[in-house]
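As structure tokens, the structure follows; a few thoughts come after it.
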Amino acid sequence: MGKIIAIGGGEIGRPGYPATTTKIDKEIIRLSGKKRPKFLFIPTASLDSEGYIKSVKKHFGKRLGCKVDSLCLIKEKLSAKKISKKILNSDIVYVGGGNTLRMMNVWRKFKVDKILKKAYENGIVMSGLSAGSICWFKGGNSDSRKFKNKKAKLIKVKGLGFINALCCPHYDVEKGREASLKKMMKKNTGVAIAIDNCAALEVVNKQYRVIRTKKTANVYKVYWRDGKYYKELVSVKKNLESLSELLK
């Protein structure tokens with residue numbers, strides 16, 4: 001059934017920055033089972049940024065051989081039928097970074113959340129980084145308020161709930177993420193998955209593994225139990241393991 005690759009962060013080769021997630025991106029393509037998969041980029045979180053769309057076309061299209069299309073929900077007036085067709089006819093859905101809260105609000109307005117659930121159930125690969133990783137979880141540690149006020153605190157944003165945990169991207173590179181997640185999890189039951197840049201959680205049919213493009217990038221399981229805080233390194237293994245074991 002479900003296939004998800006949630007990436008903590010990194011670069012796909014936008015102007016002035018080298019690509020740092022290519023190994024993970026190739027795994028997204030492999031999961032589709034197609035040599036030239038139909039790749040749908042959803043840039044809602046970046047307000048349908050033209051520069052972002054160009055970078056994605058260059059990286060996933062020219063470099064990696066996908067047939068790239070984009071779903072612009074803000075800048076284009078698309079019918080419900082057109083939105084549904086674009087999503088459900090793809091092999092891969094890739095969600096870009098940006099303002100997670102705004103993205104989720106736009107998705108719910110256009111019922112994209114319901115279409116993505118159907119796509120997930122149909123076996124279409126769900127992927128992305130930052131906002132594009134948080135969205136697949138029940139919620140996430142987000143910097144959405146900082147887009148208007150740089151001094152604003154990180155907030156919990158509700159996701160689609162395909163993975164029953166909170167997600168914290170950019171865990172190793174953004175100041176305040178670790179402390180914020182620790183405080184956030186004290187008020188939340190269950191676990192959070194904290195993902196460094198250049199690392200990803202791959203989930204296939206209720207099993208998981210960690211993939212990464214550099215050896216120092218990690219994924220952690222974070223939770224509180226009996227008043228004590230735990231931060232556990234998730235081992236990097238070749239074979240898939242039970243997701244329910246990770247999330248308990």
Side-chain angles (χ1 to χ4, degrees), residues 4-12 14 16-17 20-21 24 41-53 55-56 73-74 93-109 112-113 116 126-163 165-188 190-201 212-214 216-224 229 231:
I4 298 170
I5 294 187
I7 310 165
E11 295 289 344
I12 57 166
R14 61 185 166 132
Y17 295 86
T20 60
T21 60
I24 297 169
F41 176 48
I42 306 182
T44 317
S46 64
L47 291 172
D48 296 341
S49 164
E50 287 295 328
Y52 205 165
I53 292 168
S55 294
V56 166
L73 298 166
I74 296 167
V93 168
Y94 183 96
V95 178
N99 189 322
T100 311
L101 180 62
R102 180 175 59 206
M103 176 182 80
M104 296 308 301
N105 288 338
V106 171
W107 283 6
R108 291 184 178 111
K109 178 183 175 183
V112 169
D113 54 338
L116 286 170
M126 306 282 106
S127 63
L129 56 73
S130 193
S133 60
I134 288 174
C135 61
W136 313 123
F137 290 74
K138 71 177 181 182
N141 180 277
S142 170
D143 62 356
S144 295
R145 297 290 187 206
K146 289 182 177 287
F147 285 83
K148 285 187 176 181
N149 176 12
K150 289 185 179 181
K151 293 182 180 179
K153 292 182 179 180
L154 296 163
I155 59 168
K156 180 184 171 186
V157 172
K158 187 179 178 183
L160 298 173
F162 300 164
I163 301 172
L166 293 188
C167 173
C168 180
H170 309 298
Y171 192 62
D172 60 331
V173 297
E174 289 191 357
K175 189 179 178 182
R177 284 275 183 183
E178 187 169 358
S180 171
L181 183 64
K182 182 179 179 180
K183 190 176 179 181
M184 189 177 288
M185 288 310 296
K186 199 166 190 179
K187 301 173 186 175
N188 288 274
V191 306
I193 303 300
I195 312 173
D196 289 347
N197 276 21
C198 298
L201 185 74
R212 56 189 184 177
T213 57
K214 65 177 185 179
T216 55
N218 292 306
V219 173
Y220 300 90
K221 173 181 175 178
V222 169
Y223 59 98
W224 285 84
Y229 177 68
K231 173 187 168 183

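Everything quoted here is computed from the prediction, not taken from an experiment. Position 1 is the first residue of the sequence, and the numbers go up from there.
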Test side-chain contact (heavy atoms from CB on, under 4.5 Å) applied to K146 and L154, step by step: CA-CA 8 Å; K146 289 182 177 287; L154 296 163; 4.1 Å; yes
Verdict with reasoning, I7 to S133, per side-chain contact (heavy atoms from CB on, under 4.5 Å): CA-CA 6 Å; I7 310 165; S133 60; 5.5 Å; no
side-chain contact (heavy atoms from CB on, under 4.5 Å) assessment of W136 paired with V95: CA-CA 10 Å; W136 313 123; V95 178; 3.6 Å; yes
Derivation and outcome, side-chain contact (heavy atoms from CB on, under 4.5 Å), residues D172 and T216: CA-CA 10 Å; D172 60 331; T216 55; over 6 Å; no
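Of the candidates I74, I53, V56, P43 forms a side-chain contact (heavy atoms from CB on, under 4.5 Å) with just one, namely I53.
Looking at every heavy atom in both residues, C167 comes nearest to I195 through SG-CD1, 4.1 Å. Considering every non-hydrogen atom in both G10 and L129, the closest pair reads O-CD2, 3.9 Å. The heavy-atom pair separating F147 from G98 by the smallest distance is CZ-C, 3.4 Å. Closest of all the heavy-atom pairs between L160 and D113 is CD2-CB, 3.4 Å. In terms of heavy-atom proximity, I24 sits nearest to R212 at CD1-CA, 4.2 Å. Taking both residues in full, the closest heavy atoms of A131 and A45 are given as CB-CB, 4.0 Å, listed atom of the first, atom of the second, then distance.
The line from CD1 of I193 to CG of L181 is 10.0 Å long, rounded to the nearest 0.5 Å. For the atom pair M104 CE and C135 SG, the distance stands at 6.5 Å (nearest 0.5 Å). Atom CZ of residue F41 and atom OG of residue S55 lie 8.5 Å apart, to the nearest 0.5 angstrom. Here the CG atom belonging to N141 is positioned 7.0 Å from the CD1 atom belonging to I134, to the nearest 0.5 angstrom. Interatomic distance, S180 OG to I155 CD1, rounded to the nearest 0.5 Å: 10.0 Å. The CH2 atom of W224 sits 4.0 Å away from atom NZ of K186, with the distance rounded to the nearest 0.5 Å.
Of the possible donor and acceptor atoms, none in the side chain of T100 sits under 3.5 Å from a partner among the backbone N and O of S144. H170 places a side-chain N or O within 3.5 Å of a backbone atom of G8 that can act as its donor or acceptor partner. At least one donor-acceptor pair closer than 3.5 Å links the side chain of D196 to the backbone N or O of N218.
Residues M103 and V157 fail the side-chain proximity criterion, which asks for heavy atoms closer than 4.5 Å. No side-chain heavy atom of C168 sits less than 4.5 Å from a side-chain heavy atom of E178. Between L166 and F137, every side-chain heavy-atom pair lies at or beyond the 4.5 Å cut-off. Using a 4.5 Å cut-off on side-chain heavy atoms (C-beta onward), V222 and K182 make no contact. When side chains are defined from C-beta on, W107 counts as touching L73, because their heavy atoms get closer than 4.5 Å. Put simply, the side chain of N197 does not reach to within 4.5 Å of the side chain of E174, judged on heavy atoms. Counting heavy atoms from C-beta outward, T20 and K214 have side chains that stay 4.5 Å or more apart. Side-chain contact between R145 and L101 is present, with at least one heavy-atom pair separated by less than 4.5 Å.
Cation-pi contact between K231 and Y229: absent, since separation from the ring centre below 6.0 Å together with deviation from the ring axis within 45° is not met.
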